[in-house]
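In this text the structure is predicted, and so the values were computed from the model without any measurement. So you know, we letter chains A, B, ... as the sequences are listed, proteins then strands, and number each from 1.
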2 protein chains.
Amino acid sequence: MRLKDLAEHLGLSQTTVSRALNGYPEVNEATRLRVTETAARLGYRPNANALRLATGRAGAIGMVLRGSSEFGPHTSEFLSGVGGRLAEEEIDIIVTTVQTYQDEVAAYRRLAASQKVDAVILHSPTQHDERAKLLLQLNIPFVLHGRTDIGTPHAWLDIDNAGAMERATGHLLDLGHRRIALLNGIKDRTFAVHRERGYRDALKARGVPYDATLVSNGVFSDEVAFRTAHDLLERDPHPTAFLAGSMMTALGVFRAIRQAGLVLGKDVSMIAHDDVFPYLNADNMYPSMSTTRSSISQAGVRIAELILQILGGKPVADIHELWPVELVLRESTGPAPG
Amino acid sequence: MRLKDLAEHLGLSQTTVSRALNGYPEVNEATRLRVTETAARLGYRPNANALRLATGRAGAIGMVLRGSSEFGPHTSEFLSGVGGRLAEEEIDIIVTTVQTYQDEVAAYRRLAASQKVDAVILHSPTQHDERAKLLLQLNIPFVLHGRTDIGTPHAWLDIDNAGAMERATGHLLDLGHRRIALLNGIKDRTFAVHRERGYRDALKARGVPYDATLVSNGVFSDEVAFRTAHDLLERDPHPTAFLAGSMMTALGVFRAIRQAGLVLGKDVSMIAHDDVFPYLNADNMYPSMSTTRSSISQAGVRIAELILQILGGKPVADIHELWPVELVLRESTGPAPG
């Protein structure tokens, strides 16, 4: 059934029917109800589907989260940027939560088959990410937040994690620190690999040997960071500086430092990676926190923009952005003690 | 075009075609690709639409966020609960970000017309919420997170904000505090009205006069809370206790207390409302934070469950849950000084 047929059946103009179905305020409530009820009864698929047929668009982009823990502060800040940009275009975000890697793969297949989304945002890649290959196979346009090497051009946006960590580590070394603990992300993730590379490069450039016992990998949480930092601070000699992978990690390290009776910025230094959460401001911490800073919500805004460009026909091979990361020095960093 | 037609065109069984379109692993990649490409070329609408026709379901529930700031930590924790529960049913969440109230109203009309969602979660209600009336008119099933009075039965789940605040205020009064500042939420929201009611009831029960200058309303952020607490602590005499509306609020108050040279738990007491963010643990703060505690992600899990019940036919008039709130006493509360 076409809009024309529905309009004839109702004895209304196509314009009125279309407006009623699209929720324009010019149509009074009684007419709107009559139109939507009749459309539903006759199986007319309005708006989304008419639009999709007319424009070839679903009006939504997808994001799959594995494990409800992926709905954490990083994801919500990122989605606030994506959503803010897509709101201007009346494009929705379809969030699919899955429990396992296999479920995630099945979810992409379903998204492809159902044509519910025009594109997806792929995130948290590994170095050779099978999901990116799958999306290419399934012909779902996507922008990768992060980087992977799959031998085929694809759109991506990433921050310069290696460069950020090299600068942060280099700064701590210049302050005289030699035992610098790195609380890094989940081991197989590209960003964590890049961060460790930057850390090692800085050590190497200054001839400081790499000590694997100072490096840990895991999720970014206050709890995990507290335990890791607590154990490291019980050593003799203990690390004099920490590189914290996120602001949540920084909170846990901070707590371990305080519990050990040490003073942050004096006895022990710390630089944290700051994704710029509005509710956890590095400048407002006490002491204020030195950070490598890059706004994850701005990355979301830009990725939404890049998706719009792809849907507008821009070749994905031309879409790759590597953002530099600022090093912001505040009170949590100081010279290595005695 | 029906599944039958597509299967005949492809020379495959309907079962194979259906499995290919739904991403089952039993179908090999070449067949899957042939099926999905042919389906797309012939304009066959598989999965989502076939499913919707067969079951009357879209396989998604909606949530509209007004202003990208609504994508904050409360929303993401809530959605982690919703998403975790819906993942078990392969139901997606469609998040629509809008900029104004009028955009939000238009978004609900579009969701109704497009039949993209089976139900929506309405959140952050005012005391007489026009959006709830609109959803009833539009015949979109919904569960309200919070409460509103619109004179028509509808499904809701809320926490006992009045009771929580009455207990917290009562506890501080019992400790001898008389000047208790309340950092409350946005003024017209039901939860903020209920919290102020609980606060006033506790004062009244103990014969302590209400002082409007100790009560403020606004968004829950470190920054706003810092400024408010800072101004209050410059008064002479200053408040000896704070009720912080969220953990983010608590961080700002905490900072103002420290900056004023006062000691939390000794010179000034605080009880914060804790929605249980995994990355900001009240028990791990220093000093640990006394809280009124209710897990917002558990509320999300339960609301997803209630939506499934509604879709299963349970009358919405039978769905209303008021959750009690725990008072958890830790180190941030102590007797009023001198």
Side-chain angles (χ1 to χ4, degrees), chain A residues 21-23 29 33 36 39-40 43 45-49 60 65 68-69 71-73 75-77 79-81 83-84 86-87 90 92-99 103 105-106 108-110 112-116 137-138 220-223 226 248 251-252 255 258 278-281 284 286 297, chain B residues 21-23 25 29 32-33 36 39-40 45-49 53 60 65 68-69 71-73 75-77 79-81 83-84 86-87 90 92-99 103 106 108-110 112-116 137-138 221-223 226 248 251-252 255 258 278-281 284 286 297:
Chain A
L21 292 171
N22 286 283
E29 204 53 43
L33 276 174
T36 52
R45 325 190 134 280
N47 201 6
N49 300 306
L65 301 178
S68 56
S69 68
F71 242 124
T75 302
S76 70
E77 264 308 286
L79 284 178
S80 81
L86 294 181
E90 293 189 355
D92 299 325
I93 303 170
I94 296 192
V95 177
T96 305
T97 311
V98 296
Q99 285 155 338
D103 290 347
V105 167
Y108 288 125
R109 294 193 188 283
R110 269 199 309 279
S114 69
Q115 300 166 42
K116 272 184 179 177
Q137 267 175 17
L138 292 171
F220 291 145
S221 84
D222 170 284
E223 204 56 38
F226 172 77
M248 285 73 205
L251 291 175
R255 194 154 53 93
R258 249 179 338 224
Y279 44 88
L280 200 57
N281 190 317
N284 294 345
Y286 185 83
S297 75
Chain B
L21 292 170
N22 286 281
E29 203 53 41
R32 193 194 325 280
L33 276 174
T36 51
R45 326 189 134 281
N47 201 5
N49 301 305
L53 286 175
L65 301 178
S68 56
S69 67
F71 243 124
T75 302
S76 70
E77 264 307 288
L79 284 178
S80 80
L86 294 182
E90 293 189 355
D92 299 325
I93 303 171
I94 295 190
V95 178
T96 305
T97 311
V98 296
Q99 285 156 339
D103 290 346
Y108 288 125
R109 293 192 189 284
R110 270 199 308 279
S114 70
Q115 301 166 41
K116 272 185 180 178
Q137 267 175 18
L138 292 171
S221 84
D222 171 283
E223 205 56 40
F226 173 77
M248 286 73 208
L251 290 174
R255 193 154 53 92
R258 251 182 333 227
Y279 45 87
L280 200 56
N281 190 315
N284 294 345
Y286 185 84
S297 75

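Ranked by heavy-atom pairs under 4.5 Å with chain B, the first of P278(A), G83(A), G81(A) is G83(A). Among R258(B), M248(B), Q99(B), the residue with the largest count of heavy-atom pairs under 4.5 Å with chain A is R258(B). The most heavy-atom pairs under 4.5 Å with chain B, out of G252(A), S80(A), G84(A), come from S80(A). Of all the listed residues (S221(A), G72(A), S76(A)), the one sharing the greatest number of non-hydrogen pairs under 4.5 Å with chain B is S76(A).
In this structure, the portions of I94(B) lying under 4.5 Å from any heavy atom of chain A include both its backbone and its side chain. Of the atoms belonging to L79(A), heavy atoms from both backbone and side chain fall under 4.5 Å from chain B. Both the backbone and the side chain of N284(A) come within less than 4.5 Å of a heavy atom in chain B. Neither the backbone nor the side chain of L65(B) comes within contact range of chain A; no heavy atoms are under 4.5 Å apart. Contacts of T96(B) with chain A are made by both backbone and side-chain atoms, with heavy-atom separations under 4.5 Å.
We find the CG-CG distance between L138(B) and L33(A) to be 7.5 Å, quoted to the nearest 0.5 Å. Here the CG-OG1 distance, from L86(A) to T97(B), works out to 7.5 Å after rounding to the nearest 0.5 Å. Atom-to-atom distance recorded for F226(A):CZ and N281(B):CG is 11.0 Å, nearest 0.5 angstrom.
Side-chain contact between Y279(B) and L280(A): absent, with no pair of heavy atoms (C-beta onward) separated by less than 4.5 Å. With a 4.5 Å cut-off on side-chain heavy atoms, R255(B) and L251(B) do not count as touching.
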